[in-house]
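All remarks here apply to the structure that follows.
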Amino acid sequence: MNIQIFGTKKCFDTKKAERYFKERGIKYQLIDMKEKGMSQGELNSVKQAVGGIEVMINENCKDKEALSRIQFASNINKEKRVLEYPQLLKTPIVRNGKQATIGYKPEVWKEWN
């Protein structure tokens, strides 16, 4: 498995996801969205796995200005905005190759091999 966890150090669910993989001895890579964000390729891979960009956007995001800019944009512009403002994404985003989940989903992760 090649697990990547996209999240923030302050996100409770990101910490739970880290703990899930750590307790099972599964190596993972944590990508802090405040420091690095996602590449276009990573975003495309996750978007395909979860069913589109709309599913990935956090409607309860604290950055209301960035959220308002994205609400009426086309999907291509939404992707550009999400890459500029990674705080718009729900976390954690857990990726294993072409598989991905959004949020804390241990019931899905245990099926990965």
Side-chain angles (χ1 to χ4, degrees):
M1 282 198 284
N2 187 18
I3 303 294
Q4 290 179 307
I5 302 173
F6 295 88
T8 61
K9 292 177 181 167
K10 291 185 177 181
C11 172
F12 183 68
D13 282 343
T14 299
K15 290 178 185 177
K16 283 178 20 181
E18 278 190 273
R19 188 170 43 245
Y20 175 87
F21 291 106
K22 196 178 289 182
E23 286 174 353
R24 285 153 184 80
I26 300 170
K27 290 184 180 180
Y28 63 89
Q29 175 188 17
L30 176 66
I31 295 99
D32 190 335
M33 299 287 275
K34 286 189 176 182
E35 292 176 16
K36 188 170 184 269
M38 295 180 100
S39 71
Q40 181 70 52
E42 291 166 335
L43 180 66
N44 288 340
S45 174
V46 172
K47 185 179 68 170
Q48 236 177 346
V50 300
I53 193 78
E54 296 292 332
V55 178
M56 299 173 68
I57 296 172
N58 182 1
E59 301 296 330
N60 299 319
C61 173
K62 291 180 183 175
D63 190 343
K64 298 300 178 194
E65 187 177 327
L67 190 59
S68 66
R69 288 184 188 150
I70 201 172
Q71 285 179 322
F72 300 106
S74 68
N75 279 349
I76 292 170
N77 286 334
K78 282 182 183 178
E79 288 181 30
K80 288 180 185 174
R81 290 283 186 219
V82 162
L83 292 172
E84 288 176 40
Y85 302 99
Q87 67 269 26
L88 291 170
L89 294 171
K90 294 176 187 172
T91 56
I93 297 171
V94 180
R95 185 170 161 233
N96 178 25
K98 297 204 179 288
Q99 300 171 306
T101 60
I102 295 177
Y104 183 71
K105 303 276 174 68
E107 66 280 1
V108 176
W109 305 333
K110 72 179 180 185
E111 301 297 323
W112 290 353
N113 32 346

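These numbers come from a predicted model, not from an experiment.
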I'd like to know if [Y] and [X] are part of one continuous hydrophobic network [Ile/Leu/Val/Met/Phe/Trp/Tyr, side-chain heavy atoms within less than 4.5 Å].
| X | Y | answer |
| --- | --- | --- |
| Met33 | Val94 | no |
| Val108 | Ile102 | no |
| Leu83 | Leu67 | yes |
| Val46 | Leu30 | no |
| Phe12 | Ile5 | no |

Can you find a heavy atom in the side chain of Trp112 that is under 4.5 Å from one in the side chain of Ile3? yes
So, do Met38 and Pro86 sit near enough that their side-chain heavy atoms are less than 4.5 Å apart?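 Not in contact.
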Would you compute the distance between atom [atom1] of [X] and atom [atom2] of [Y] and round it to the nearest 0.5 angstrom?
| X | Y | atom1 | atom2 | result |
| --- | --- | --- | --- | --- |
| Ile93 | Asp13 | CD1 | CG | 12.5 Å |
| Thr91 | Lys34 | OG1 | NZ | 10.0 Å |
| Leu89 | Thr8 | CG | OG1 | 11.0 Å |
| Lys90 | Leu88 | NZ | CG | 12.0 Å |
| Lys22 | Lys15 | NZ | NZ | 11.5 Å |
| Ile31 | Thr14 | CD1 | OG1 | 11.0 Å |

Take atom NZ of Lys98 as the centre, draw a 6.0 Å sphere, and report whether it contains more than 12 heavy atoms from other residues, nucleotides or ligands. no
Kindly check if the number of other-residue, nucleotide or ligand heavy atoms within 6.0 Å of CD (Glu65) is above 12? no
For Pro92 versus Ala17, what's the shortest heavy-atom pair and its separation? CG-CB, 4.0 Å
Sequence neighbours excluded, every pair satisfying ring pair (Phe, Tyr, Trp, His ring centres under 6.0 Å) that has a member inside residues 88-108: Tyr104-Trp109
Run the side chain to side chain contact (heavy atoms under 4.5 Å, CB included) test on Met56 and Val82 for me, step by step, so that the C-alpha distance in whole Å, both residues' side-chain angles and the decisive distance to 0.1 Å come before the verdict. CA-CA 9 Å; Met56 299 173 68; Val82 162; 5.8 Å; no
Answer with yes or no whether the side chains of Asn44 and Gln48 bring together a donor and an acceptor at under 3.5 Å. no
Less than 4.0 angstrom from a charged side-chain N to a carboxylate O is my criterion; do Glu84 and Arg81 meet it? yes
Quick check against the 3.5 Å criterion: does Lys36 have a side-chain atom that pairs as donor or acceptor with the backbone of Phe6? no
Listed by chain and number, what are the salt bridge (Lys or Arg N to Asp or Glu O under 4.0 Å) partners of Lys78, not counting sequence neighbours? Glu54
Passes side chain to side chain contact (heavy atoms under 4.5 Å, CB included), Lys9 versus Glu35? Steps please. CA-CA 10 Å; Lys9 292 177 181 167; Glu35 292 176 16; 3.5 Å; yes
